[in-house]
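Before any comments, here is the structure.
The figures here come from the full heavy-atom set of this structure, side chains too, leaving out hydrogens, waters and symmetry mates.
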Amino acid sequence: MSSDLLNSIGSNFGAIDWAIVGLYMLGTVAIGLYANRYIRNMSDYIVAGRSLKPYLAVATMIGSELGLVTVMYSAQKGFTGGFAAFHIGLIAGIVTLIIGLTGFIVVPLRELGVMTIPEFYEKRFSRGVRIFGGLLLALSGILNMGLFLKAGAIFVAGLTGVTNPTSVGLIMTVMLLLVLCYTILGGMVSVVITDYIQFIVLSVGVIVTCGIAVNTLGWSSIVDTVAAIHGEPGFNPLHEGGGFGPSYVVWMIFTAGIVSCAVWQTAVMRACAAESTAVVKKLYAWSAIGFLVRFMVPQFLGICALVYLYQDDVTRSVFFSAGGAPTGNADLTLLAMPVFLSQILPAGLIGLIGAGLLAAFMSTHDSYLLCWSSVLTHDVVAPATGDTLSTRARLTLSRIFIFVIGAFLLVWGLWYELGQDLWDYMLVSGAIYFTGAFALLLTGLYWKRASTAGAYLALAAGAAAVAGLTPVKRALGLDAFTGAHIGLGVTVLALVLMVLGSLLFPDRSPGEKEA
């Protein structure tokens with residue numbers, strides 16, 4: 001992160017903006033304290049007692065998925081890929097709508113009454129599959145959110161101009177403690193309430209911000225500059241010479257489409273928390289708009305940042321290579337959007353946007369922390385101990401896991417060097433779980449002959465997706481392959497092993513489970 005750059009260009013973020021952010025953060029703690037009175041059992045803590053009605057379910061789904069990390073990685077894709085990045089949002093919206101209309105995967109899960117996907121593994125296969133799948137899901141999910149704090153730190157630095165690393169680290173530590181506080185206290189109840197408030201604040205804020213960006217730059221200037229920097233690949237995601245290509249688009253259909261709304265546990269939790277299967281379908285049908293917007297709006301802000309920073313000699317020398325293309329430094333391309341916002345938004349409004357996005361940061365953290373701690377408690381420890389844990393013990397253990405995961409996030413975010421776009425890192429780390437999980441959900445829900453042996457093989461195969469992380473890829477000499485290539489290959493491998501394992505090693509009787 002370039003401190004000299006931020007010092008030279010400054011920021012419009014002032015005292016009134018800090019006051020707005022501070023008041024909002026204090027309000028979230030009050031919500032956690034208030035929500036704690038409604039927590040009576042694990043169902044209340046994990047899925048809010050399965051009481052979410054359509055309008056609240058949609059708001060909390062969009063609110064959670066439109067987190068600061070989403071805004072950051074989407075803006076980064078807009079910055080590095082231009083208008084071609086819009087295909088990610090279009091795919092996400094269309095596939096989510098299809099799932100809402102058909103109920104694919106999510107409705108059968110809600111009908112089974114499970115709270116987590118690994119719980120389905122035990123109902124369909126065996127307790128051992130549940131423990132193995134739950135452990136894999138939690139490890140993948142925790143690794144997936146490992147750079148959320150780093151993205152948040154970069155956002156704070158870019159928006160506020162606070163360049164001192166110690167100050168940024170202190171701010172992020174305080175924010176993490178606030179998240180831990182109200183998530184540990186209130187569980188899914190506090191998540192739902194804060195997501196709803198954040199949904200309203202952030203929706204208004206980003207719409208106004210986009211209007212200011214277009215008014216500042218001019219639409220024709222935006223289009224012309226993208227064409228000058230990226231050429232055809234900046235508009236056509238299928239162009240082989242660009243940053244995407246056909247294999248990447250197929251990978252997006254699977255990941256940004258099917259996985260993000262029907263396989264990823266934090267989204268499926270909303271389906272499990274819905275009042276009925278009818279609400280589940282409405283939730284996904286209406287959330288399709290949100291899944292589209294959560295990618296495309298931040299991507300557009302990233303495109304605007306591309307144009308704004310390219311037009312200034314000082315920022316162009318930092319954010320772009322000598323040939324005029326965006327720099328290959330992932331930290332700098334993440335920094336571009338918040339620096340852009342710090343220059344075009346006036347005092348007061350920048351505080352509101354900052355509060356909304358920082359609330360989005362906290363919203364995503366609370367959902368993910370709650371999700372992975374609950375999986376470890378509900379799907380790994382509890383079944384491994386023969387379901388002898390009391391409700392109080394489960395709640396206490398979940399809260400301990402939340403704290404431990406939070407500590408890991410702080411360390412991992414400081415240590416790990418990104419080396420690739422944040423969105424691609426998240427897909428690869430998530431693929432460690434979802435490539436195998438998709439095979440189990442697809443065959444387990446829709447194929448009677450799916451067996452326990454096939455489930456183990458599919459889950460184990462999915463772990464090979466770790467090869468898509470840049471450091472691992474380099475160590476294995478796989479630089480010629482993209483994360484999309486590796487992810488698609490592992491997905492096919494998991495499905496093939498699931499089918500072969502089920503045919504060669506069938507369960508002794510339909511639905512039979514291990515002792």
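Looking only at side-chain heavy atoms (C-beta outward), Phe104 and Ile98 stay at 4.5 Å or farther from each other. For the pair Leu409/Leu369, a side-chain contact is recorded, criterion being any heavy-atom separation below 4.5 Å from C-beta on. Contact check for Leu422 versus Tyr425: side-chain heavy atoms found under the 4.5 Å cut-off. Contact check for Phe434 versus Trp264: side-chain heavy atoms found under the 4.5 Å cut-off. Side-chain contact between Tyr416 and Leu469 is present, with heavy atoms from C-beta onward closer than 4.5 Å. The closest side-chain heavy-atom distance from Leu97 to Phe291 is not below 4.5 Å. Side-chain contact between Trp447 and Leu442: absent, with no pair of heavy atoms (C-beta onward) separated by less than 4.5 Å. Ile486 places a side-chain heavy atom less than 4.5 Å from the side chain of Val490.
Residue Leu335 holds its CG atom at 11.0 Å from CZ of Phe155, rounded to the nearest 0.5 Å. Atoms CZ and CD, on Arg294 and Gln299 in that order, are 10.5 Å from each other to the nearest 0.5 Å. Annotation: the span from Thr443 atom OG1 to Arg449 atom CZ amounts to 12.5 Å, rounded to 0.5 Å. Taking CG from Leu440 and CZ from Phe120, the interatomic distance works out to 7.0 Å, rounded to the nearest 0.5 Å. Between Thr116 atom OG1 and His378 atom NE2 the span is 4.5 Å, to the nearest 0.5 Å. The line from CD1 of Ile142 to OG of Ser429 is 11.5 Å long, rounded to the nearest 0.5 Å.
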Practice problem: Could you give me the CA-CA distance, side-chain angles and deciding distance for Thr255 and Met252, then say whether side-chain contact (heavy atoms from CB on, under 4.5 Å) is met? | Solution: CA-CA 5 Å; Thr255 55; Met252 289 304 101; 3.5 Å; yes
Self-check item: Worked verdict on Asp379 versus Glu122 for side-chain contact (heavy atoms from CB on, under 4.5 Å)
Solution: CA-CA 9 Å; Asp379 298 305; Glu122 181 174 5; over 6 Å; no
Quiz item: Hey, mind stepping through Met337 and Gln76 against side-chain contact (heavy atoms from CB on, under 4.5 Å) and telling me if it holds?
Solution: CA-CA 7 Å; Met337 184 273 293; Gln76 184 182 44; over 6 Å; no
Self-check item: CA sep, side-chain torsions, deciding dist, call: Phe148, Met426, side-chain contact (heavy atoms from CB on, under 4.5 Å)
Solution: CA-CA 10 Å; Phe148 284 15; Met426 292 182 63; 3.5 Å; yes
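Side chain of Tyr456 to backbone of Val129: a donor-acceptor contact under 3.5 angstrom is found. Remark: the backbone N or O of Ala484 is not paired with any side-chain donor or acceptor of Tyr248 at under 3.5 angstrom. With hydrogens and angles ignored, the 3.5 Å screen pairs no side-chain donor or acceptor of Glu111 with any backbone N or O of Thr277. Using modelled atom types, no side-chain atom of Ser140 and backbone atom of Leu136 make a donor-acceptor pair closer than 3.5 Å. A side-chain donor-acceptor contact under 3.5 Å links Ser502 to the backbone of Ser451. A donor-acceptor pair is defined here as one N or O able to donate and one able to accept, closer than 3.5 Å; no such pair exists between the side chain of Ser74 and the backbone of Val71. Under a 3.5 Å cut-off, the side chain of Asp421 and the backbone N or O of Tyr73 do not form any donor-acceptor pair.
Atom OH of Tyr446 has more than 12 neighbouring heavy atoms from other residues, nucleotides or ligands inside a 6.0 Å radius.
Remark: aromatic rings of Phe408 and Trp372 are distant, center separation not under 6.0 Å.
Ring geometry for Phe254 against Trp251 counts as tilted: the plane angle lies between 30° and 60°, on a 0 to 90° scale.
Of all the heavy atoms in Ser260 and Ala256, the pair that sits closest is OG-O, 2.6 Å. Taking each heavy atom of Met498 and Ala450 in turn, the nearest pair found is CE-CB, 3.6 Å. The two atoms that bring Val280 and Arg110 nearest to each other are CG2-CG, 3.8 Å, heavy atoms only. Considering all non-hydrogen atoms of both residues, Val21 and Ala355 come closest at CG2-N, 3.9 Å. Gly354 and Leu159 get closest at one heavy-atom pair: CA-CD2, 3.7 Å. Annotation for Asn144 and Leu427: closest pair ND2-N, 4.5 Å, computed over non-hydrogen atoms.
Between Thr96 and Ser287, the side chains place no donor N or O within less than 3.5 Å of an acceptor N or O (distance only, hydrogens not considered).
Salt bridge annotation for Lys448-Asp507: absent, with no cationic side-chain nitrogen under 4.0 angstrom from a carboxylate oxygen.
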